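Every value quoted in this text rests on a predicted model; they were computed, and no experiment measured them.
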Amino acid sequence: MLKMMEELILRKQKEIVSAMEKIDGKKFRVDKWERPNNGGYGITTVIENGNVIEKGGCNISVIQGAIPPAGVQKMRVDHSSLRSVDPEGHVPFRVCGLSMIMHPKNPMAPTVHLNYRYFETQNQDGTPQAWWFGGGADLTPHYLFEEDAVLFHEQLKKACDNHDAEFYPRFKKWCDKYFWNKHRNEARGIGGIFFDDLADRDPKELYSLAEDAFNAFLNSYPKILERRKDMPFTEAQKEWQLIRRGRYVEFNLVHDRGTAFGLHTPGSRIESILVSLPMHAQWVYDHHPEPNSEEERLVKVLEAPREWL
């Protein structure tokens with residue numbers, strides 16, 4: 001399964017970068033790297049100051065290491081089969097995944113995030129001990145276009161329904177709960193799907209779910225970006241985009257489990273982890289949108305997540 005997932009993320013990285021380059025017209029920078037002591041490798045692809053995308057990253061990593069005792073205790077909440085394999089209490093692991101973020105220039109175009117990964121712990125002889133899939137995708141508009149929200153959710157529901165009719169409603173609620181800025185009491189965006197520690201059926205079925213979910217992005221976001229990238233906007237609308245990006249940064253640095261895991265993993269590559277942050281963001285003291293404005297309309301949706309289908 002590790003090999004299958006590695007081949008999938010390599011393929012999907014090329015497809016996503018190709019789709020974004022076709023729209024933007026500028027090439028992504030490709031940065032290949034290796035972790036020391038046979039700790040794995042990654043390919044970071046980044047675009048900055050593009051024609052359409054202000055900042056974007058589509059990164060894969062295939063890494064291995066050892067979970068420290070504190071991490072093992074935390075993970076046992078969801079994985080009772082986890083057990084230490086050395087006197088110090090460490091558990092060997094391997095993980096491979098793709099993480100992507102796109103921050104467009106035009107405030108009418110939404111930011112998008114996607115992440116799908118496979119995580120496996122090993123016994124001392126290298127055989128699998130525990131495994132699970134995790135990930136999701138969500139859309140973060142600065143101005144609300146309902147047809148974009150519907151298309152994004154339609155494609156994710158189609159991907160989920162290929163495997164289990166209960167997946168989309170379950171993962172949609174999970175997404176709304178996870179991407180919640182607790183200190184702001186509002187959602188990061190208009191949601192999508194999210195799941196973690198998924199290991200309740202044949203791994204090949206969950207691998208297929210991840211593949212379909214990648215395709216859901218390719219069948220929705222490029223169309224949305226084409227719709228919005230050339231729309232006119234004002235300086236005030238650009239400022240609103242920067243304020244909303246500030247909220248995005250807050251979530252990623254305060255609440256996101258993936259960012260926290262990366263920052264606390266020994267030997268992690270900080271530049272690749274923080275590529276999710278936009279080039280520009282803004283914090284305005286005690287800012288509130290004008291009553292009955294498009295900005296307020298968005299905030300009301302963020303404060304009470306909706307069903308889009």
- prompt: Run the side-chain contact (heavy atoms from CB on, under 4.5 Å) check on V30 and I43 step by step: do they pass?
  reply: CA-CA 7 Å; V30 179; I43 304 173; 3.9 Å; yes

message: Go through it in stages, so that I can follow the logic: the residues are T140 and I190, the test is side-chain contact (heavy atoms from CB on, under 4.5 Å), and I'd like the CA-CA distance, side-chain angles, deciding distance and then a yes or no.
response: CA-CA 6 Å; T140 303; I190 56 91; over 6 Å; no

- request: Indicate yes or no: does R11 engage E211 in a salt bridge with an N to O separation below 4.0 Å.
  value: yes

- prompt: So, the side chain of T259 versus the backbone of L253: is there a donor-acceptor pair under 3.5 Å, distance only?
  reply: no

- line: Residue set satisfying salt bridge (charged side-chain N to carboxylate O under 4.0 Å, His left out) with E235, at least two apart, ordered chain then number -> none

With sequence neighbours excluded, residues passing salt bridge (charged side-chain N to carboxylate O under 4.0 Å, His left out) with E15: K12

- prompt: With under 30° as parallel and over 60° as perpendicular, where do the rings of W174 and F171 fit, or are they tilted in between?
  reply: tilted

query: Ion pair present between E186 and K300, side-chain N to carboxylate O less than 4.0 angstrom?
result: no

- prompt: For E303, does the CD atom sit with more than 12 other heavy atoms under 6.0 Å from it, leaving out its own atoms?
  reply: yes

query: Hey, does the side chain of Q64 reach the backbone of N38 with a donor-acceptor pair shorter than 3.5 angstrom?
result: yes

field: E296 side-chain N/O to N292 backbone N/O, donor-acceptor pair under 3.5 Å
entry: yes

Minimal non-hydrogen separation, G192 against C175, with atom names: N-SG, 3.4 Å

query: Stepwise, does the side chain to side chain donor-acceptor pair (under 3.5 Å) test hold for H288 with D286?
result: CA-CA 7 Å; H288 300 280; D286 199 27; 3.0 Å; yes

field: D176 (side chain) donor-acceptor with A187 (main chain) under 3.5 angstrom
entry: no

Point-to-point distance, once rounded to the nearest 0.5 Å, from CG of L10 to CD of Q13: 7.0 Å

message: Which Ile, Leu, Val, Met, Phe, Trp or Tyr residues join W180 in one cluster when any pair of side-chain heavy atoms under 4.5 Å counts as a link?
response: none

E250 bridged to R184 by N-O distance under 4.0 Å: yes

Shared hydrophobic cluster for I101 and F194 (ILVMFWY, side-chain gaps under 4.5 Å): no

Please table the atom pairs, donor to acceptor, closer than 3.5 Å between any side-chain atom in residues 46-57 and protein atoms at least two apart or in another chain.
{"from": "N51", "atom 1": "ND2", "to": "D24", "atom 2": "O", "distance (Å)": "2.8"}
{"from": "E54", "atom 1": "OE2", "to": "R245", "atom 2": "NH1", "distance (Å)": "2.7"}
{"from": "K55", "atom 1": "NZ", "to": "L277", "atom 2": "O", "distance (Å)": "2.7"}

- prompt: Do I60 and C96 touch side chain to side chain, with heavy atoms closer than 4.5 Å?
  reply: no

No-hydrogen, no-angle side-chain donor-acceptor test under 3.5 Å, N252 and S276: yes

query: Should F152 and F145 be regarded as members of a common hydrophobic cluster, given that ILVMFWY residues are connected when their side-chain heavy atoms come within less than 4.5 Å of each other, either directly or indirectly?
result: yes

task: Assess the side chains of Y168 and E154: does a donor N or O sit below 3.5 Å from an acceptor N or O?
output: no

query: Hey, is the main chain of R247 close enough, under 3.5 Å, to the side chain of N181 for a donor-acceptor pair?
result: yes

task: Would you please test Y118 and E6 for side-chain contact (heavy atoms from CB on, under 4.5 Å) and show each step?
output: CA-CA 9 Å; Y118 173 76; E6 181 180 357; over 6 Å; no

task: Output every pair passing salt bridge (Lys or Arg N to Asp or Glu O under 4.0 Å) with a member in residues 94-123, not counting sequence neighbours, ordered by first then second residue.
output: R117-D196

message: Is it true that, when you exclude D200 itself, more than 12 heavy atoms of the residues, nucleotides or ligands shown sit nearer than 6.0 Å to its CG?
response: yes

query: Minimum heavy-atom separation for S99 to N115, with atom names?
result: CB-ND2, 3.4 Å

query: Rounded to the nearest 0.5 Å, how far apart are CG of L206 and CE of M1?
result: 8.0 Å

field: Connected hydrophobic set around V284, excluding itself, where side chains approach under 4.5 Å
entry: I243

message: Are there over 12 heavy-atom neighbours, none belonging to K158, within less than 6.0 Å of that residue's NZ?
response: no

task: Check the surroundings of atom CG in N37: do more than 12 heavy atoms from other residues, nucleotides or ligands lie under 6.0 Å from it?
output: no

A216 backbone acceptor or donor facing S220 side chain under 3.5 Å: yes

field: Pairs involving residues 128-148, ordered by first then second residue, that meet salt bridge (Lys or Arg N to Asp or Glu O under 4.0 Å) (sequence neighbours left out)
entry: D138-R188, E146-R297, E146-R306, E147-R228, D148-R227, D148-R228

field: Listed partners of H287 passing ring-ring contact (aromatic ring centres under 6.0 Å, His included), at least two apart
entry: W240

query: Is any side-chain heavy atom of F28 less than 4.5 Å from a side-chain heavy atom of V17?
result: yes

- prompt: Which pair of non-hydrogen atoms, one from I9 and one from S61, has the smallest distance, and what is that distance?
  reply: CD1-O, 4.1 Å

query: Would you call R201 and D164 a salt bridge, using N to O less than 4.0 angstrom?
result: yes

message: I'd like to check the ring-ring contact (aromatic ring centres under 6.0 Å, His included) partners of Y116; sequence neighbours left out, ordered by chain and number.
response: F214

message: Looking at E34, I want to see if its CD is surrounded by more than 12 non-hydrogen atoms of other residues, nucleotides or ligands under 6.0 Å.
response: no

query: Does the pair Y143 and Q241 meet the rule for a side chain to side chain donor-acceptor pair (under 3.5 Å), with working shown?
result: CA-CA 8 Å; Y143 286 89; Q241 179 194 44; over 6 Å; no

- request: Report the residues that fulfil ring-ring contact (aromatic ring centres under 6.0 Å, His included) with F233, sequence neighbours left out, ordered by chain and then residue number.
  value: none

task: Measure the spacing between NZ of K229 and CD1 of I224 and express it to the nearest 0.5 Å.
output: 14.5 Å

task: Using a 4.5 Å cut-off on heavy atoms from C-beta on, say whether the side chain of I193 contacts that of C160.
output: yes

ILVMFWY network linking L151 to M231, side-chain heavy atoms under 4.5 angstrom: yes

statement: On a heavy-atom basis, the closest approach of P141 and L144 is CG-CD1, 4.4 Å

task: Flag the pair E239 / Q282 as yes when at least one side-chain heavy-atom distance between them is below 4.5 Å, and no otherwise.
output: yes

message: Once ring pair (Phe, Tyr, Trp, His ring centres under 6.0 Å) is applied, what residue pairs with a partner in residues 241-260 remain, sequence neighbours excluded?
response: H103-Y248, Y178-F251, F179-F251, H183-H255, F251-H255

field: Any donor-acceptor N or O pair under 3.5 Å, side chains W33, T44
entry: yes

message: Go through it in stages, so that I can follow the logic: the residues are M102 and T111, the test is side-chain contact (heavy atoms from CB on, under 4.5 Å), and I'd like the CA-CA distance, side-chain angles, deciding distance and then a yes or no.
response: CA-CA 6 Å; M102 297 293 158; T111 287; over 6 Å; no

- prompt: side chain to side chain contact (heavy atoms under 4.5 Å, CB included) with S18: which residues, sequence neighbours excluded?
  reply: none

field: N/O donor-acceptor pair under 3.5 Å between R170 side chain and F195 backbone
entry: no

- prompt: Should L309 and F217 be counted in the same cluster of Ile, Leu, Val, Met, Phe, Trp and Tyr side chains packed under 4.5 Å apart?
  reply: yes

message: Is it true that, when you exclude K238 itself, more than 12 heavy atoms of the residues, nucleotides or ligands shown sit nearer than 6.0 Å to its NZ?
response: yes

